[in-house]
Protein chains: 2
Amino acid sequence: MTLHKAKKTYHHGDLRAGLLSSARMLLEEQGISALGLRAITRHAGVSSAAATPHFGNLMGLLSALATVGYEELAAALEPVLEEGAHAVGLVYVRFAILNPGLFTLMFRSDVIDRNEPALAAARARTSGMLTRLIDSLGGQQPQRTQAGTRAALWGKVHGLAVLAIDGFLDVLLSSQGEGLSLEDLLEDALR
Amino acid sequence: MTLHKAKKTYHHGDLRAGLLSSARMLLEEQGISALGLRAITRHAGVSSAAATPHFGNLMGLLSALATVGYEELAAALEPVLEEGAHAVGLVYVRFAILNPGLFTLMFRSDVIDRNEPALAAARARTSGMLTRLIDSLGGQQPQRTQAGTRAALWGKVHGLAVLAIDGFLDVLLSSQGEGLSLEDLLEDALR
DNA sequence: GGCGTAAACTTATCAGTGATAAGATTATTT
DNA sequence: AAATAATCTTATCACTGATAAGTTTACGCC
């Protein structure tokens, strides 16, 4: 009787997860502008005020969704951390391409609250992984250029992700080499 | 009599420029979320419907503001185009740091309309300058890696700009070398 | 020079948004 | 079993961007 999702009850299981799932679906299918409180709750089959006990307000909900993003990104990066910057960069950009809406949301500080404890924690964990990786590279450089090297690497990876989401890399691809896939381009760019 | 700005008249000079100026001030001082139609028109001392004849709607106004951004960026890049990628990258990132709100707006496709003719033209002009510059570099490379090199360079510069706006570079700076300025860091990173 | 048309701007109003207080329903604790 | 607390709904509020209708000014034309 008790199915996985008991939809009929007044309290239906965990609305928190349901709202996050609805928000994510709307985000990836219709973009960030579709992330209204009413749209999300309507998609979850619930009244527009039902999100309040779980998230407080819309920004709280979107911050929780961004938290999921940081956690998933960390989970994707962790297995390849030992393989070096090239592999990590590839996974980073791939994550952005596969979850463009979520990735974009994670950096929209006007819509999410970066002081939210859970979000700040997930963010710190993820960026700590990257910082440690970057620190392990080129340790024998003169100290003056170390920070520059880190910034360059980080900037390149993040910039490629943003450009890929915005479709600039496809422009680069189609304008020139024909037999080149996006994966190949990233391989070369991250070398 | 006819001063530069005749404020008292019913039609006051060019409201179009006045609204763009108000929007820009609000943008840089209070962030993108302060860019409401009512806030902008109120700041310009005009009714909330006064923007309609000039811009159609809010998205039209913000698209025009982003157009200004692309034009200013192009004007800043043009004088250093001959000096190579390093100088151009530096100017690019400096522009982002000096106009963080405007730079961010230029890439927020949910708030501006990229099909707006003037915006599309300014955008094409600016990115054409960068494309030509990138094409002039490393022409003797094997063609397979050419697109990769372009993407890497473009990604690095744009990524550094985004990271700088988000404050990540300051984190990198303060966590390590003390006697390093942001300019020095960018110098090294863009090498 | 005056008239008529078009443009700029205001006022008033509308549907839609996120937030919230108050009430109804179910879980949980004792 | 009763009491308390949590979840969810309903109703409402202030606010937003858009728009139609009306008012004021500019401008081309005779």
Side-chain angles (χ1 to χ4, degrees), chain A residues 1-23 26-27 30-66 105 108-113 116, chain B residues 1-23 26-27 30-66 105 108-113 116:
Chain A
M1 238 353 161
T2 41
L3 293 177
H4 183 59
K5 288 216 172 184
K7 286 272 183 182
K8 318 266 181 177
T9 75
Y10 198 87
H11 297 18
H12 60 72
D14 54 347
L15 181 56
R16 200 192 134 89
L19 287 172
L20 288 178
S21 159
S22 290
L26 287 170
L27 172 60
Q30 307 188 43
I32 281 195
S33 58
L35 284 184
L37 188 59
R38 285 176 139 94
I40 297 171
T41 52
R42 193 183 317 134
H43 186 275
V46 102
S47 96
S48 82
T52 306
H54 298 283
F55 301 102
N57 53 21
L58 177 61
M59 188 172 263
L61 201 166
L62 300 186
S63 302
L65 186 54
L105 180 70
R108 288 257 167 121
S109 57
D110 57 325
V111 161
I112 65 177
D113 176 17
E116 224 268 334
Chain B
M1 244 341 166
T2 40
L3 294 178
H4 182 59
K5 288 218 171 182
K7 286 274 184 181
K8 317 264 182 180
T9 74
Y10 197 88
H11 296 20
H12 60 76
D14 53 347
L15 183 56
R16 198 191 135 90
L19 286 173
L20 287 178
S21 159
S22 290
L26 286 169
L27 172 60
Q30 309 187 42
I32 282 195
S33 58
L35 285 183
L37 187 59
R38 286 175 138 95
I40 297 171
T41 52
R42 192 183 318 135
H43 185 274
V46 102
S47 95
S48 83
T52 307
H54 299 283
F55 301 102
N57 52 22
L58 177 61
M59 187 173 263
L61 202 167
L62 300 187
S63 301
L65 186 54
L105 179 71
R108 289 253 168 127
S109 58
D110 56 326
V111 160
I112 65 178
D113 177 16
E116 224 267 334

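Letters go in sequence order (proteins before strands), and every chain restarts at 1. Just so it is clear, the structure is predicted and the values come from calculations on it, not from any experiment.
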Closest-nucleotide ordering on DNA chain D, the 5'-leading residue of A49(A) and G36(B): A49(A)
Taking the side chain as every heavy atom from C-beta outward, state whether L37(B) and F55(B) have any atom pair closer than 4.5 Å. no
With DNA chain C as reference, determine whether S48(B) or S48(A) sits nearer its 5' end, using the nearest nucleotide of each. S48(B)
d(CG, L15(B); C1', dA7(C)) in whole Å: 13 Å
Measure from CG on L19(A) to C1' on dC8(D) and round the result to the nearest Å. 11 Å
If you round to the nearest 0.5 Å, how far is OG of S33(A) from CZ of R108(B)? 12.5 Å
Rounded to whole Å, please give me the gap between CG in D14(A) and P in dA6(D). 18 Å
Are I32(A) and L27(A) packed together at the side-chain level, in the sense that at least one heavy-atom pair is separated by less than 4.5 angstrom? yes
What is the separation between atom CG on L37(A) and atom P on dT17(C), rounded to the nearest whole Å? 10 Å
Here the distance between atom C1' of dA6(D) and atom CZ of R16(A), to the nearest Å, is 16 Å
Considering only side-chain heavy atoms of A50(B), which listed nucleotide, dT10(C), dT10(D), dT19(D), is closest? dT10(C)
Between the CD1 atom in I112(B) and the CG atom in L61(B), the distance rounded to the nearest 0.5 Å is 12.5 Å
Nearest 0.5 angstrom please: L65(A) CG to S22(A) OG, how far? 11.0 Å
Using only side-chain N and O atoms of H54(B), determine if any of them is under 4.0 Å from OP1 or OP2 of dA7(C). no
Can you tell me how far the OG atom of S21(B) sits from the CG atom of L26(B), to the nearest 0.5 Å? 9.5 Å
Identify, residue by residue, the members of residues 57-64 of chain B with a heavy atom below 4.0 Å from DNA chain D, and return them in order of residue number, or none. N57(B), L58(B)
d(S47(B) OG, R38(B) CZ) to nearest 0.5 Å is 9.5 Å
base_contact_polar (dG16(C) base, R38(A) side chain, donor-acceptor, <3.5 Å): no
Nearest-Å distance, CZ (R42(A)) to P (dT9(D))? 14 Å
